[in-house]
Amino acid sequence: MKFDTPAGQNPIDQLKVVGKPTDRIDGKFKTTGTAPYAYERHDVVANQAYGYVLGAGISKGRVRAIHVEDAKRAPGVLAVVTTLESPRLERGMMNTAYLFGGDVIQHYHQAIAVVVAETFEQARAAAFLVKVDYAAEAGKFDLAAEAKGAPPVPSDSGEGSGGDGEERVGDFDGAFAQAPVTLDETYSTADESHAMMEPHATVAAWDGDKLTLWTSNQMIAWGHGSVAKILGIPKENVRIDSPYVGGGFGGKLFVRADAVLAALGAKAAGRPVKVALTRPLIANNTTHRPATIQRVRIGATKDGTITAIAHESTSGNLPDGDPETAVSQTKLLYAGANRLTAMKLAHLDLPEGNAMRAPGEAPGLMVLEVAMDEMAEKLGLDPVEFRIRNDTQVDPQAPERPFSHRDLIGCLKLGAEKFGWAKRNPRPGQVRNGQWLIGVGMAAAFRNNMVLKSGARVRLDGAGTVTVETDMTDIGTGSYTIIAQTAAEMMGLPLDKIVVRLGDSDFPVSSGSGGQFGANSSTAGVYAACVKLREAVAQRLGINSADAVFADGEVRAGNRAVPLGDAAAQGALSAEDTIEFGDISKKQQQSTFGAHFVEVGVDADTAEIRVRRMLAVCAAGRILNPKSARSQVIGGMTMGTGAALMEELAVDTKRGFFANHDLAGYEVPVHADIPHQEVIFLDEVDPMSSPMKAKGVGELGICGVGAAVANAVYNATGIRVRDYPLTLDKFLERMPDAA
Amino acid sequence: MRSFTYERPSTPAEAAAAVAAKPNAKFIAGGTNLLDLMKLQIETPAHLVDVNGLGLDRIEATPEGGLRIGALVRNTDLAADARVRKDYGVLSRALLAGASGQLRNKATTAGNLLQRTRCPYFYDTAQACNKRQPGSGCSALDGVSRQLAVIGGSDACIATHPGDMAVAMRVLDATVETVDAQGTERKIPIAEFHRLPGDKPEVDTTLKTGELITAVTLPKPVAGTHIYRKVRDRASYAYALVSVAAILGKDGSGHVAFGGVAHKPWRVEAAEAALPRGAKAVTDHVFAGAKPTHENAYKLKLAERTLTAALNQARA
Amino acid sequence: MSRRDMVAGATAAAAALTTLPSGARAGSATADKPVMAKVGLTVNGQRRELELDIRTSLLDAAREHLHLTGSKKGCDHGQCGACTMIVDGRRINACLTLAVMHQGSEITTIEGLGQPDNLHPMQAAFIKHDGYQCGYCTPGQICSGVAVLAEIKAGIPSHVTADLNAPTEVSEAEIRERMSGNICRCGAYSNIVEAMTEVAGRQA
């Protein structure tokens with residue numbers, strides 16, 4: 001199905017199933033420990049051996065020799081595969097660093113060997129017997145030091161939030177010079193780790209030259225092609241299965257070393273092998289969100305109309321890597337006739353920087369929305385009002401392009417009302433409750449709505465059950481449930497008559513999970529397949545498909561009502577289709593919007609920051625399932641709180657690696673850090689987005705929330721720290737005297 | 001994890017003898033730190049002596065009016081003990097500020113005293129660390145050191161003792177009781193239990209090989225407000241950046257020890273006379289001679305301000 | 001050969017020649033034969049006899065030998081709580097204990113609390129309040145959740161208990177503090193607290 005005109009009335013609009021806060025259909029499996037994750041697939045193939053991955057102990061250089069004799073002689077060892085045994089393997093889609101092969105070390109903990117043994121204990125012990133000789137080389141590890149000479153870069157993140165390097169509209173320099181009120185500040189954000197709870201893991205089994213990988217991956221089709229490319233085998237010989245993914249956040253968009261080394265280990269051992277990256281390896285072996293240094297300049301008239309806005313960002317990466325596209329949202333979020341956005345990319349020899357939940361917008365809004373708060377204060381304007389005053393209903397860089405639907409103002413106003421924003425004391429450092437300095441802050445949320453081609457297959461059986469198959473993944477997003485809701489709505493069935501099977505490369509290619517494109521795109525693909533199935537059913541029953549009504553488990557036409565399953569009485573009916581998006585999303589700008597409101601307490605003595613209250617108001621088209629969508633948003637709010645307050649991969653700029661590479665060293669929020677979180681969705685639809693009229697929410701929650709936290713901290717303390725995360729050491733010297 | 005042999009004796013003397021009898025043997029109790037380190041081959045014992053069958057899990061009143069805490073009393077049980085809650089609140093608070101509920105259910109009194117540093121270079125076997133591999137150097141000195149020691153360190157090591165319980169025990173003047181393979185018992189004042197790194201950072205404590213902790217005794221309770229104030233980046237389940245264990249009167253007089261700042265719980269008794277004059281007078285003395293790194297100099301200010309918070313709490 | 005050449009080991013891995021950890025026996029270049037041990041455990045009410053490499057954690061005994069994979073391995077170092085089991089009435093990190101140290105122990109894993117068609121009230125409340133997303137930390141959260149309510153009932157205090165000498169009570173602050181050993185990177189915390197509060201209310 002081609003989607004190239006705005007969606008009209010369609011069966012989804014009935015909202016009998018879609019739009020309801022249904023419990024997740026996979027809930028009873030996840031809560032009982034019966035949902036199978038990659039490393040647990042004892043059922044799929046017998047005789048699995050265990051692989052243990054070794055990471056390089058240097059950050060840059062060459063491997064001169066790997067001594068495996070002792071390891072090979074160790075009890076239970078079946079095989080040792082080292083990086084020196086093959087030339088450097090091809091990279092998979094979107095990989096920047098090479099995953100395995102050859103003697104070149106690009107980054108710390110790069111995989112250099114896998115030891116395969118009968119048991120995990122044996123593989124782990126033998127791995128410590130492998131001895132490696134390196135020739136280390138000097139590298140570049142300090143973004144601040146490399147930023148000065150960093151060249152400008154054009155980019156596309158591949159997730160739709162990319163840009164073209166420097167972009168100018170009007171005369172920024174002139175307008176900024178003339179503006180009566182200006183802001184020019186520089187900020188920095190830290191390297192962050194996805195830190196999903198399930199480590200990257202794969203079971204690999206060869207059957208002749210055919211390879212099956214039971215793995216944990218967000219993008220099955222990308223992974224499928226990538227594995228074939230990396231291993232140099234035909235795609236038809238590879239199958240990937242990933243029905244449950246224990247968190248990804250971008251860290252499992254691309255094939256990683258676990259999959260490659262499980263496959264190579266299985267080949268060498270001559271039997272199935274399973275591999276999980278150990279936790280201390282993950283931060284440096286895989287990808288991370290790159291740190292940024294960002295400069296924002298805003299010029300405005302005295303009444304708070306922005307006349308000039310510039311956002312520049314510098315990040316680092318390995319050669320061939322992309323920048324963190326932190327300026328993207330600034331092209332679209334606020335009006336202003338004179339504009340400049342630019343990115344620079346420094347060469348760093350740290351591990352690969354790549355997509356992490358809301359790449360670009362997460363660190364970009366962390367900065368832009370603090371700058372807006374600072375500017376509002378300079379103007380003597382309420383920060384909510386300042387944003388409202390600079391709203392735009394068109395793409396500010398291309399005014400002929402309207403937003404398909406934009407209600408940022410609605411989010412801001414409703415949020416302010418529900419949060420009690422009017423009670424805020426705009427003068428910072430004024431509110432105290434016992435030991436706590438209290439502050440409130442807000443920020444706008446913004447993330448583009450991307451749409452990706454997505455396919456599905458639906459099959460009706462004689463019992464009236466519809467089975468949906470698509471290679472879409474559920475990484476915690478609720479895909480199982482919203483896909484079932486979509487099929488149920490389309491076919492007039494209750495949810496318990498829908499079976500959803502996901503994550504298998506034998507199924508039709510879907511959008512996959514990333515960039516908050518998954519929910520809208522994949523359900524639209526299911527919609528398309530169901531439209532075909534409805535036609536097939538009508539034809540089988542001899543009904544004109546235009547007259548057929550699918551409701552309550554029946555197909556009705558005129559006076560006739562037939563149980564849906566009857567259409568499959570002589571054999572299952574199957575239909576497959578793919579939703580393809582025309583240039584409708586280019587003619588109009590599709591984005592999602594929100595407003596975050598946060599209250600914090602800052603300890604008057606120690607400057608410990610604790611979040612007390614959080615509210616997000618989101619405008620993201622039709623909400624397919626308010627319960628799972630709420631979870632997506634609070635999850636983003638939680639991760640964004642981590643980014644604002646604690647998350648930082650600590651770079652050893654001398655030795656070139658992230659030193660705090662485990663979950664004790666890299667602190668993410670725990671229960672005690674997160675208060676009750678409130679989420680309100682505006683009741684809206686966006687017919688430009690898809691037949692579902694939905695948009696993404698999976699990343700909107702993280703966008704801007706960190707800035708709302710930071711603005712609240714400023715309101716509490718009067719101290720503006722522009723180097724994130726806002727750890728207490730950055731406040732102590734400037735805190736009011738302890739009393 | 002290297003292979004090892006394992007036994008589970010039933011008396012303390014047997015246990016001490018078992019460790020003395022085999023080369024490279026170690027006691028294991030809760031195992032929450034030892035197994036963590038064994039998985040990374042930072043610890044590689046050839047023989048484990050499981051002391052969980054020894055009893056040593058009772059808390060008893062002493063004739064002196066104090067408490068004798070068995071070495072194997074779990075952190076949860078020690079924190080929840082009614083006598084500890086009533087008379088040694090600083091200890092209860094310190095325990096509850098540490099780790100997680102799951103870890104406190106396993107971790108023991110003796111094991112907690114023996115937990116090793118969380119320095120990232122100690123934990124990364126590809127990096128130089130004199131504590132893990134004597135003579136290899138100290139990467140922390142010019143590396144990531146935000147969490148590490150500001151005082152009492154050496155050119156060989158700036159690791160911190162990561163625990164909370166020991167800081168409270170230090171302010172309580174606890175005594176560590178041990179027995180060795182010969183059956184000789186020893187009482188070690190907590191102040192002398194943990195070492196400073198000096199040129200032997202691989203040695204954390206003054207225990208001899210095979211010497212088994214059997215109990216920790218607390219003297220009779222000290223009156224005052226018992227406070228354990230732990231400062232950390234996230235609200236729970238994190239190591240202290242700085243902690244203050246204090247027993248303070250309304251006038252501020254009392255006792256104080258600091259955690260998160262040194263290779264051992266840090267207390268300077270001579271500075272305590274200054275407590276009624278406020279935090280700065282105390283911390284100026286306690287931290288005289290501190291040698292912080294660029295990354296952890298904030299701990300000095302933080303220690304002062306955290307003590308201020310404790311003094312305020314005592315006065316309230 | 002530079003100093004870095006000499007000290008840099010393969011990692012995962014103490015590995016390299018020059019990175020023999022302190023206390024290791026010099027010259028022991030090859031791994032010793034695994035030491036095997038018989039272990040009897042009562043898991044979810046069933047007596048299970050295993051013969052295990054003595055190095056096997058309780059978590060791996062369950063996941064790899066009993067194929068009870070509900071308990072998760074998120075970090076294997078006691079830093080995430082995904083492996084939480086209830087052992088002899090107490091919740092622990094199953095990754096940081098050896099199976100052989102639990103001879104005779106009574107162990108409850110997530111599979112023992114309830115099954116898909118016979119849910120424990122805590123499991124049902126997690127579903128109702130959407131107290132999970134990817135599901136990987138969920139079994140640990142639920143085991144912890146059940147144990148936390150029992151700990152409060154048993155009068156065990158926490159870091160946020162205001163008065164150490166007063167009875168402990170269920171509150172959102174108590175739940176948050178006590179659950180902090182269970183990390184949920186998806187960020188379901190707010191919903192988990194609601195689920196537990198509901199179960200606690202029902203129990204009261």
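Chain letters run A, B, ... following the sequence lines, proteins first, then strands; residues in each count from 1. All values below were derived from every heavy atom in this structure, side-chain atoms included, with hydrogens, water molecules and symmetry-related copies excluded.
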Of all heavy-atom pairs between [X] and [Y], which one has the smallest distance, and what is that distance?
X: A:Ile58; Y: A:Ile105; value: O-CG2, 3.6 Å
X: A:Ser216; Y: A:Lys252; value: OG-NZ, 3.1 Å
X: C:Met179; Y: C:Ile192; value: CE-CG2, 4.4 Å
X: C:His120; Y: C:Leu113; value: CB-O, 3.4 Å
X: C:Leu52; Y: C:Ala99; value: CD1-CB, 3.6 Å
X: C:Gly140; Y: C:Thr84; value: O-CB, 3.8 Å

Would you mind checking which part of [X] comes under 4.5 Å of any heavy atom in chain C, side chain (CB onward), backbone (N, CA, C, O), both or neither?
X: A:Gln122; result: both
X: A:Ser628; result: both
X: A:Asp43; result: neither
X: A:Glu69; result: neither
X: A:Lys274; result: side chain
X: A:Pro669; result: both
X: A:Ala35; result: backbone
X: A:Tyr666; result: side chain
X: A:Thr34; result: side chain
X: A:Ile475; result: backbone
X: A:Thr638; result: side chain
X: A:Met196; result: backbone
X: A:Ser193; result: backbone
X: A:Tyr244; result: neither

Proximity breakdown for [X] and chain A, heavy-atom pairs closer than 4.5 Å:
X: C:Glu111; result: both
X: C:His77; result: side chain
X: C:Ile127; result: both
X: C:Ile183; result: both

Under 4.5 Å, counting heavy-atom pairs only, tell me which of [options] racks up the most with chain C.
options: A:Glu198, A:Gln677, A:Met637, A:Arg357; value: A:Glu198
options: A:Ala664, A:Gly478, A:Gly248, A:Gly701; value: A:Ala664
options: A:Gly247, A:Ala195, A:Pro280; value: A:Ala195
options: A:Phe120, A:Tyr50, A:Tyr37; value: A:Tyr37
options: A:Glu121, A:Arg279, A:Arg630, A:Met639; value: A:Glu121
options: A:His676, A:His671, A:Lys627, A:Glu40; value: A:His671

Option that, when pairs with chain A are counted at under 4.5 Å, heavy atom only, ranks first among [options]:
options: C:Gly187, C:Pro116, C:Pro139; result: C:Pro116
options: C:Thr138, C:Asn191, C:Asp53; result: C:Asn191
options: C:Gly78, C:Cys75, C:Ser180; result: C:Ser180

Exercise. Given A:Ile66 and A:Val130, is the side chain to side chain contact (heavy atoms under 4.5 Å, CB included) satisfied, shown in steps?
Worked result: CA-CA 7 Å; A:Ile66 302 182; A:Val130 173; 3.5 Å; yes
Between [X] and [Y], is any side-chain donor less than 3.5 angstrom from a side-chain acceptor?
X: C:Ser144; Y: C:Arg91; answer: yes
X: A:Gln632; Y: A:Thr477; answer: no
X: C:Thr161; Y: C:Thr168; answer: no

Exercise. Per the side-chain contact (heavy atoms from CB on, under 4.5 Å) rule, which among A:Leu277, A:Val114, A:Thr83, A:Val115 passes with A:Leu261?
Worked result: A:Val114
For this session: Taking only Lys NZ, Arg NE, NH1 and NH2, and the carboxylate oxygens of Asp or Glu, determine whether A:Glu192 and C:Arg185 approach each other closer than 4.0 Å.
Result: no
About how many Å separate [atom2] of [Y] and [atom1] of [X], when rounded to the nearest 0.5 Å?
X: A:Ser59; Y: A:Glu137; atom1: OG; atom2: CD; value: 11.5 Å
X: C:Cys143; Y: C:Ile86; atom1: SG; atom2: CD1; value: 5.0 Å
X: A:Asp474; Y: A:Tyr480; atom1: CG; atom2: OH; value: 6.5 Å
X: C:Met36; Y: C:Thr56; atom1: CE; atom2: OG1; value: 7.0 Å
X: C:Gln79; Y: A:Glu667; atom1: CD; atom2: CD; value: 11.0 Å
X: C:Gln141; Y: A:Lys30; atom1: CD; atom2: NZ; value: 13.5 Å

Problem set entry | Residues forming a side-chain hydrogen bond (donor to acceptor under 3.5 Å, both in side chains) with C:Glu49, sequence neighbours excluded | C:Arg47
For this session: List the steps, then state whether side chain to side chain contact (heavy atoms under 4.5 Å, CB included) holds for C:Leu58 with C:Ile92.
Result: CA-CA 10 Å; C:Leu58 181 60; C:Ile92 65 166; 4.3 Å; yes
For this session: Enumerate by number any residue of residues 62-73 of chain C whose heavy atoms lie under 4.5 Å from heavy atoms of chain A; in the absence of such residues, state 'none'.
Result: C:Arg63, C:Glu64, C:His67, C:Thr69, C:Gly70, C:Lys72, C:Lys73
Exercise. For chain A, which residues from residues 130-137 of chain C have at least one heavy atom closer than 4.5 Å to it?
Worked result: C:Asp130, C:Tyr132, C:Gln133, C:Cys134, C:Gly135, C:Tyr136, C:Cys137
Problem set entry | Qualifying salt bridge (charged side-chain N to carboxylate O under 4.0 Å, His left out) pairs, either residue in residues 188-198 of chain C, two or more places apart | C:Lys128-C:Glu198, C:Glu198-C:Arg202
Problem set entry | Worked verdict on C:Leu98 versus C:Ile54 for side chain to side chain contact (heavy atoms under 4.5 Å, CB included) | CA-CA 7 Å; C:Leu98 297 171; C:Ile54 207 163; 5.7 Å; no
For this session: Show the numbers, then the answer: is there a side chain to side chain contact (heavy atoms under 4.5 Å, CB included) between A:Met646 and A:Asp673?
Result: CA-CA 10 Å; A:Met646 64 190 82; A:Asp673 291 299; 3.8 Å; yes
